[in-house]
Amino acid sequence: MSGTSIFIAVVMPFMLILIFNSIYKKEILRELPVAVYDCDRSELSRKLIRLIDASPSMEVIDSYSSLDMIERGFKDGKTEAVIYIPTDFERSIKRGKQSRVIVYKNSSNIITGNLILKDATTIVKTFSAGVLLNKFKKSSMSETIAYPLVNPVKIETSSLYNSNYSYLSYLPPGLIAFTFQIAIMLSTSLIINSEHSGGTFEDLLSVSHRDTNLIFAGKFLPYFTLYFFMSLIILFVIFPLYNIAVNGSYILLLVLLIIFIAVNVSTGLLISSLFNDQLFATELTIFINTPAFILSGYTFPVWAMPSFHKALAYSMPFTYYLEAFIKIIRAGAHPSDMTSELAALIFFAIITFAAAYIALKYRINKITSEQLK
């Protein structure tokens, strides 16, 4: 077996297995970012906040002062949940009345949404029971009698962006985006090297008069146009067919798709220009794409991954695209809510476009030089 065959058959699979398994070495999610909206600002509300922050599953990263800030926090992707404590929290407890806490949670990711609700419920019940038992003890009531009378603080929940926990709303958008990327890169990774293996590259050079601009445009634009129209079919036929809602702007979504398609067509052209071996180009494309979905944060948050995987995730355009894509269709986000994602995608588009052009130009110049010898 050649070195290339060994790499494809043995090295690639083991590398992917190691990458996938090591992502989940922590086994469970820790320190999910949550914010608090404390309208009571009392001693008891502060104790509850400290208890939430001390839990292994949640970390209080911010304090909000309005409902608008709650919505903005979700759209920015900064928080997975917001704990709302009403103004009458301590007073109600001290008067022996049932109080309440509201958990606003992002249900776009069913896994994190359920974990936050489970742990928040446990924390609030434990806190409420402790406060009331202490009150009963002070009134000389025995713990045996007091314990059955303890009623936990009522916990209410408001699930945002997938309130019915539908797997149809959760999984297909990410899987469709991932499949779309693979299709683009696989087809474009064979554009140039197929000319080489088919013996038609010389004809291409002759017809184009060795004009790199003409060849690049002739290869880039047809595929870009094809996949743009395919994206329209996905948005306006596939999504409605399966009742996948788009809560944001279709115009913004199309702009995002244009940048995304440009990145992937350019990446495919780059691979095709660099490698003559079509099998290797195809396997390399699969190797690049296979971890993209796992590392995108769609099923397991990027911030919870080990440092190496986090760096790898943010070196992939798909991570930024999927974050922005989900923000638009689920949260109805605006450009101001995804400036970092859009900036990163534009950067990748410029880099991959330039790299693909340079690689193609190098191949043309190399063949020309060989012919002149």
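In this text, all values refer to a predicted model and were calculated from it rather than measured experimentally.
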Checklist line | Worked check of side chain to side chain contact (heavy atoms under 4.5 Å, CB included) between Leu254 and Leu235 | finding: CA-CA 9 Å; Leu254 287 173; Leu235 288 182; 3.7 Å; yes
Are the side chain of [X] and the backbone N or O of [Y] linked by a donor-acceptor pair below 3.5 Å?
{"X": "Thr285", "Y": "Ala281", "answer": "yes"}
{"X": "Ser194", "Y": "Ile191", "answer": "yes"}
{"X": "Ser272", "Y": "Gly268", "answer": "no"}
{"X": "Asn247", "Y": "Arg330", "answer": "yes"}
{"X": "Ser266", "Y": "Ala356", "answer": "no"}
{"X": "Thr319", "Y": "Ala313", "answer": "yes"}
{"X": "Asp53", "Y": "Val60", "answer": "yes"}

Next item on the list: Carefully, step by step, assess Leu175 and Phe293 under the rule side chain to side chain contact (heavy atoms under 4.5 Å, CB included).
Entry: CA-CA 8 Å; Leu175 292 174; Phe293 185 75; 3.7 Å; yes
Between [X] and [Y], what is the shortest heavy-atom contact and its length?
{"X": "Leu205", "Y": "Ser208", "answer": "O-OG, 3.3 Å"}
{"X": "Ile328", "Y": "Leu256", "answer": "CD1-CD2, 4.0 Å"}
{"X": "Gly73", "Y": "Tyr64", "answer": "CA-OH, 3.5 Å"}
{"X": "Pro173", "Y": "Phe325", "answer": "O-CE2, 3.7 Å"}
{"X": "Asn193", "Y": "Ser189", "answer": "ND2-O, 3.0 Å"}
{"X": "Ser249", "Y": "Leu252", "answer": "OG-N, 3.2 Å"}

How about [X]: does its [atom1] atom have over 12 heavy atoms from other parts shown lying under 6.0 Å from it?
{"X": "Phe236", "atom1": "CZ", "value": "yes"}
{"X": "Ile251", "atom1": "CD1", "value": "no"}
{"X": "Tyr362", "atom1": "OH", "value": "no"}

Checklist line | Verdict with reasoning, Tyr227 to Asn264, per side chain to side chain contact (heavy atoms under 4.5 Å, CB included) | finding: CA-CA 10 Å; Tyr227 286 110; Asn264 287 290; over 6 Å; no
Does a side-chain heavy-atom distance below 4.5 Å link [X] with [Y]?
{"X": "Ser187", "Y": "Tyr223", "answer": "yes"}
{"X": "Leu270", "Y": "Thr352", "answer": "no"}
{"X": "Leu360", "Y": "Leu269", "answer": "no"}

Working to the nearest 0.5 Å, report the span between [atom1] of [X] and [atom2] of [Y].
{"X": "Gln181", "Y": "Met316", "atom1": "CD", "atom2": "CE", "answer": "9.0 Å"}
{"X": "Ile364", "Y": "Ile215", "atom1": "CD1", "atom2": "CD1", "answer": "3.5 Å"}
{"X": "Asn289", "Y": "Thr179", "atom1": "CG", "atom2": "OG1", "answer": "10.0 Å"}
{"X": "Ile49", "Y": "Ser63", "atom1": "CD1", "atom2": "OG", "answer": "6.5 Å"}
{"X": "Asp38", "Y": "Ile83", "atom1": "CG", "atom2": "CD1", "answer": "11.5 Å"}
{"X": "Leu345", "Y": "Glu341", "atom1": "CG", "atom2": "CD", "answer": "8.0 Å"}

Item checked: Residue among Tyr320, Phe178, Tyr321 satisfying ring-ring contact (aromatic ring centres under 6.0 Å, His included) with Phe260 ->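 For Phe260, the ring-ring contact (aromatic ring centres under 6.0 Å, His included) test succeeds with only one of Tyr320, Phe178, Tyr321, which is Tyr321.
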Next item on the list: Would you confirm whether the ring centroid of Tyr357 sits within less than 6.0 angstrom of the ring centroid of Phe220?
Entry: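 Ring centroids of Phe220 and Tyr357 are no less than 6.0 Å from each other.
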Next item on the list: Decide side chain to side chain contact (heavy atoms under 4.5 Å, CB included) for Ser66 and Arg72; before the verdict, give the C-alpha distance in whole Å, the side-chain angles of both, and the deciding distance to 0.1 Å.
Entry: CA-CA 10 Å; Ser66 70; Arg72 180 62 56 195; over 6 Å; no
Notebook entry, point to check: Hey, are Glu323 and Lys327 close enough for a salt bridge, meaning a charged N less than 4.0 Å from a carboxylate O?
Noted result: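 Answer for the salt bridge query: no.
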